[in-house]
Amino acid sequence: MTSTSQTAQADLPREAQPRHLRRRGLETLALLGVLVGVVLLAPGLGEARRLLGEADAGWLAIAVALEFLSCCSYVVGFRPVFCRNMSFRSAWEISWAELGMGSIVPASGAGGLALGAWILRRRGMPLDQIARRSVAFFLLKSGVNFAAVAVIGALFALGIIGPSQPLWRTALPAALAAAAIVAVIAVGNLDPPAPALPDAERSKRFWTGTRRALVGGVREATALLRARDVAVLAGSFGYWAFDNAVLWATYHAVGASPPVSVILMGYLIGQLGGALPIPGGVGGMDLGLVGTLIVYGAPAQATVAAVLAYRLILFWLPLLGGAVAFWSLRRSLDKPQRPDLCIPQVSS
């Protein structure tokens with residue numbers, strides 16, 4: 001390994017250090033192993049085991065293809081938010097590296113965004129610009145979920161789609177999602193604080209930088225939505241829609257077909273478990289999905305089988321693709337022939 005490569009490795013954020021990645025990967029694999037073991041050995045889940053054993057290979061292949069399209073949508077949305085002049089190759093590698101990181105770190109992929117920020121920073125993008133655009137990208141991806149909860153919950157409450165659900169499962173989530181959207185928009189209307197002085201206390205610099213990133217990020221996300229950028233809209237929606245479709249396909253793989261409205265609502269609320277500080281969200285997301293989907297009327301045994309198949313696909317595909325992308329990035333980060341990683345002089 002050259003000294004330049006050693007320096008690059010030493011500068012990696014903590015979440016992306018090889019030793020840390022190995023530990024996180026082993027922890028996530030262990031948790032997945034426990035999850036699979038529970039499904040395979042726990043009494044009362046015999047029907048779920050049978051459904052998994054007889055799962056339709058064609059539907060599972062469709063599920064894998066849909067997850068690949070979800071990851072590709074992430075790439076499509078990433079490029080115009082961070083650097084419109086970035087080459088597609090660089091957008092592909094950075095995005096997949098972030099997705100792979102998100103498979104094994106907690107907090108809904110925050111570690112993946114940290115890795116992308118580090119890469120862009122090395123290529124010269126200003127730190128405050130990275131912070132704003134990271135917030136904007138996160139809001140654009142997450143905003144689809146909140147908007148969907150508001151819309152689908154309202155349609156449930158009005159009886160336009162079914163099956164019939166009590167208002168606390170429909171109107172309440174819709175109202176909370178709408179309130180969250182309004183609160184985020186309100187943040188963008190605030191005046192950002194002035195930059196902290198270089199000699200200010202570290203905590204003050206951090207808090208000031210965080211507030212500036214939040215206000216600026218909300219404004220950038222709002223501006224991108226108002227501009228109706230096709231890539232931003234398609235990437236954000238596709239990332240959400242195709243991932244939902246993966247769960248729909250794994251249900252069909254195990255011979256079940258609950259209403260799409262139930263899958264959507266259960267997915268949207270159940271995914272909140274992925275924000276827990278657990279490697280890869282394993283356990284939190286799974287229990288959240290299974291519990292929520294069953295509450296909304298999905299068949300219990302089929303839900304256990306479908307969610308397990310979904311989670312295995314959600315883990316392995318981004319991880320394998322991300323590993324290849326990260327390996328390629330690490331080999332070329334310090335090479336002058338890769339200026340396409342970022343062109344900070346041109347604003348998107």
Side-chain angles (χ1 to χ4, degrees), residues 35 38-39 42 44-56 58-60 62-63 66-67 69-70 142-181 236-276 281 283-314:
L35 185 65
V38 168
V39 174
L45 294 179
E47 178 65 10
R49 290 191 284 272
R50 185 189 68 79
L51 292 173
L52 278 171
E54 299 175 0
D56 186 283
W59 275 109
L60 291 177
I62 291 173
L66 289 168
E67 181 59 29
L69 290 175
S70 176
S142 305
V144 178
N145 278 11
F146 283 91
V149 170
V151 172
I152 296 171
L155 294 176
F156 260 117
L158 295 172
I160 297 174
I161 59 175
S164 178
Q165 300 283 344
L167 289 179
W168 68 269
R169 296 181 193 165
T170 57
L172 179 59
L176 292 175
I181 293 172
S236 301
F237 181 79
Y239 180 65
W240 167 80
F242 286 123
D243 197 51
N244 271 271
V246 176
L247 186 57
W248 168 82
T250 58
Y251 263 115
H252 280 76
V254 298
S257 55
V260 173
S261 57
V262 168
I263 294 176
L264 291 174
M265 201 65 178
Y267 170 94
L268 292 166
I269 299 176
Q271 283 280 356
L272 295 175
L276 296 174
M285 183 186 295
D286 311 284
L287 293 176
L289 282 171
V290 170
T292 308
L293 286 163
I294 291 174
V295 164
Y296 278 89
Q301 298 284 345
T303 295
V304 172
V307 168
L308 180 59
Y310 164 79
R311 285 294 284 127
L312 290 173
I313 294 171
L314 187 65

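Bear in mind that the values here come from a model prediction, so they are computed numbers and not experimental data. Numbering starts at 1 and runs along the sequence shown.
Between the OG atom of Ser70 and the CD1 atom of Ile313 there is a distance of 12.0 Å, given to the nearest 0.5 Å. Here Leu289 contributes atom CG and Ile263 contributes atom CD1; the two are 11.5 Å apart, rounded to the nearest 0.5 Å. Expressed to the nearest 0.5 Å, how far CD1 of Ile62 lies from NE2 of His252 amounts to 9.5 Å. Rounding to the nearest 0.5 angstrom, the gap separating the CE atom in Met265 from the CD1 atom in Ile161 is 8.0 Å.
The two residues Val262 and Ala298 have their closest heavy-atom pair at CG1-N, 4.1 Å. Contact detail for Leu60 and Ala309: the closest heavy-atom pair is CD2-CB, 4.3 Å. When all heavy atoms of Ala55 and Val254 are compared, the closest pair comes out as CB-CG1, 4.4 Å. Contact record, Leu52 with Ala305: CD2-O, 3.5 Å, taken as the closest heavy-atom pair.
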Residues Tyr267, Trp248; criterion side-chain contact (heavy atoms from CB on, under 4.5 Å); working and verdict: CA-CA 10 Å; Tyr267 170 94; Trp248 168 82; over 6 Å; no
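Among pairs with a residue in residues 296-310, those fulfilling side-chain hydrogen bond (donor to acceptor under 3.5 Å, both in side chains) read Asp243-Tyr310, Tyr251-Thr303, Gln271-Tyr310, at least two apart in sequence or across chains. For residues 157-181, every residue pair satisfying the side-chain hydrogen bond (donor to acceptor under 3.5 Å, both in side chains) rule, not counting sequence neighbours, is listed here: Gln165-Arg169.
Between Leu167 and Leu172, the closest side-chain pair of non-hydrogen atoms is not below 4.5 Å. In this structure the side chain of Leu247 reaches within 4.5 angstrom of the side chain of Leu293, judged on heavy atoms. At a threshold of 4.5 Å between non-hydrogen side-chain atoms, the residues Leu314 and Val246 do not count as touching.
Although no hydrogens or angles enter the test, the distance criterion places a donor-acceptor pair under 3.5 Å between the side chain of Thr250 and the main chain of Ala306.
For Tyr239, the ring pair (Phe, Tyr, Trp, His ring centres under 6.0 Å) test picks out Tyr74, with sequence neighbours left out. The salt bridge (Lys or Arg N to Asp or Glu O under 4.0 Å) test applied to Arg49 returns no partner, not counting sequence neighbours.
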Can you give the donor-acceptor pairs under 3.5 Å from side chains of residues 142-157 to other protein atoms, not counting sequence neighbours?
| from | atom 1 | to | atom 2 | distance (Å) |
| --- | --- | --- | --- | --- |
| Ser142 | OG | Phe138 | O | 2.9 |
| Asn145 | OD1 | Trp240 | NE1 | 3.2 |

